[in-house]
Amino acid sequence: MAPRADGLTLALPKGRILKQALPLLRRVGIDLAAVWEGEHDRRLLFDLPPPPSPGPSSLELSGGARVLLVKPVDVPTYVEHGVADVGIAGADTLGEEARDLYEPLDLGIGACRLAIAEPAARPTPLRRGMALRVATKYPRLTLNHYRSKGIQPEIIPLFGSVELGPITGLSDQIVDLVESGETLRQNNLREVETILYVTSRLIVHPASLKLKQAPITALIAALRDALATDGPGASARNDLPARPTGSEGTA
Ligand SMILES: Nc1ncnc2c1ncn2[C@@H]1O[C@H](COP(=O)(O)OP(=O)(O)OP(=O)(O)O)[C@@H](O)[C@H]1O
Ligand SMILES: O=P(O)(O)OC[C@H]1O[C@H](OP(=O)(O)OP(=O)(O)O)[C@H](O)[C@@H]1O
């Protein structure tokens, strides 16, 4: 399905990022709550009417907008193929696979970090050339990081409950997302090192930026204004900073 010529198509990630993105999008006039009935609603495609009376930072989306609700990891695929003009994706997802996309705005939502962790009681000191098994959902980012230390680990791919890896002896260490640190604490793991500080980014299909320049630049400007005025998420921001002030995107 091609993107709508008269409006923008947005690919939004279902789950925890969506919760934080909704208030931000509403502030710029993209109000999914007007048509979406919440997490029990199983529909995946929504056509939003233009807002009846646009607010001060609202967009003039005269053609309305179409929203696709997709798995977070699939958002870049919809945007890269041009099915969606824009999307919202975590820096972890974007860093795991190189894509031909513009990334004009850090939305500051979905803050967490990609980190190495291991059993607090069974630390594995890292040294060049050592044998190491690492369980992770992020093989590429993980390999790049360990290789920079002269280590070529065996990657054990897992898709959830990654913290079980070193507890069960499946792996020596894990590389996974940490937000509050509660999952690590409750499983007697300690954080060894941060690989990447993660927030969600606005991503744009390169051709859409040319063909739909006006609505896309308006969307970027409206989101930038809303972030500058109220900060990310406002009502749905993470409680704990996942990234120390002044640090760069990668550790
Ligand atoms: N504590 C966290 N754990 C995981 N992802 C987080 C966390 N905080 C923010 N994020 C961001 O949210 C994205 C994942 O969102 P979510 O967990 O809803 O999707 P998912 O991994 O597909 O979910 P599920 O575990 O239900 O399959 C990550 O890519 C990351 O950018
Ligand atoms: O530091 P915390 O605040 O505890 O958050 C981090 C945890 O949250 C995520 O898991 P998720 O809830 O997505 O479940 P999963 O194990 O199925 O990926 C992530 O993979 C960690 O396990």
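No experiment lies behind these values; they were computed from the predicted model shown. Numbering of ligands and ligand atoms starts at 1, following listing order. In what follows, every heavy atom counts, from backbone to side chain, and hydrogens, waters and symmetry copies are set aside.
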| field | Heavy atom of Gly160, distance to ligand 1 below 4.0 Å | value | no
| Which heavy atom of the protein is the closest neighbour of atom 6 (C) of ligand 2, given with residue, atom name and distance? | Leu177 O, 3.4 Å
| task | Indicate yes or no: does an N/O atom of Phe159 lie under 3.5 Å from an N/O atom of ligand 2? | result | no
| field | Glu39 atom CD, neighbour heavy-atom count above 12 within 6.0 Å | value | no
| Between Ile30, Leu68, Leu202, which is the residue that forms a side-chain contact (heavy atoms from CB on, under 4.5 Å) with Leu10? | Ile30
| remark: of all protein heavy atoms, closest to atom 16 (O) of ligand 2 is Ser161 N, 2.8 Å
| query | Between atom NZ of Lys149 and atom CD of Glu193, what is the distance when rounded to the nearest 0.5 Å? | reply | 3.5 Å
| field | For atom 20 (P) of ligand 1, the option (of Arg113, Arg201, Lys71) bearing the nearest heavy atom | value | Lys71
| Looking only at heavy atoms, what is the nearest atom pair of Leu25 and Leu12, with distance? | CD1-CD1, 3.7 Å
| said: Return the closest protein heavy atom for atom 22 (O) of ligand 2 as residue, atom name and distance. | reply: Glu163 OE2, 2.6 Å
| task | Give a yes/no on ligand 1: does Gly110 have at least one heavy atom closer than 4.0 angstrom to it? | result | yes
| request: Taking atom OH of Tyr78 as the centre, report whether more than 12 heavy atoms of other residues, nucleotides or ligands fall under 6.0 Å from it. | output: no
| message | For atom 5 (O) of ligand 2, what's the nearest protein heavy-atom neighbour? Residue, atom name and distance, please. | response | Glu179 N, 3.7 Å
| field | Any N or O of Ser200 closer than 3.5 Å to N or O of ligand 1 | value | no
| task | State whether any protein heavy atom lies less than 4.0 Å from atom 20 (O) of ligand 2. | result | yes
| task | Please say which of Asp85, Leu105, Val86 ends up in a side-chain contact (heavy atoms from CB on, under 4.5 Å) with Leu219. | result | Val86
| field | Protein residue, atom and distance nearest to atom 4 (O) of ligand 2, heavy-atom basis | value | Thr183 OG1, 2.5 Å
| To which protein heavy atom is atom 3 (O) of ligand 2 closest, and what is the distance rounded to 0.1 Å? | Ser180 OG, 2.6 Å
| request: Return the residue, atom name and 0.1 Å-rounded distance of the protein heavy atom closest to atom 13 (O) of ligand 2. | output: Arg16 NH1, 2.8 Å
| query | For atom 2 (C) of ligand 1, which candidate among Arg16, Glu96, Lys14, Lys137 holds the nearest heavy atom? | reply | Arg16
| request: Report the nearest protein non-hydrogen atom to atom 18 (O) of ligand 2: residue, atom name, distance rounded to 0.1 Å. | output: Lys137 NZ, 3.2 Å
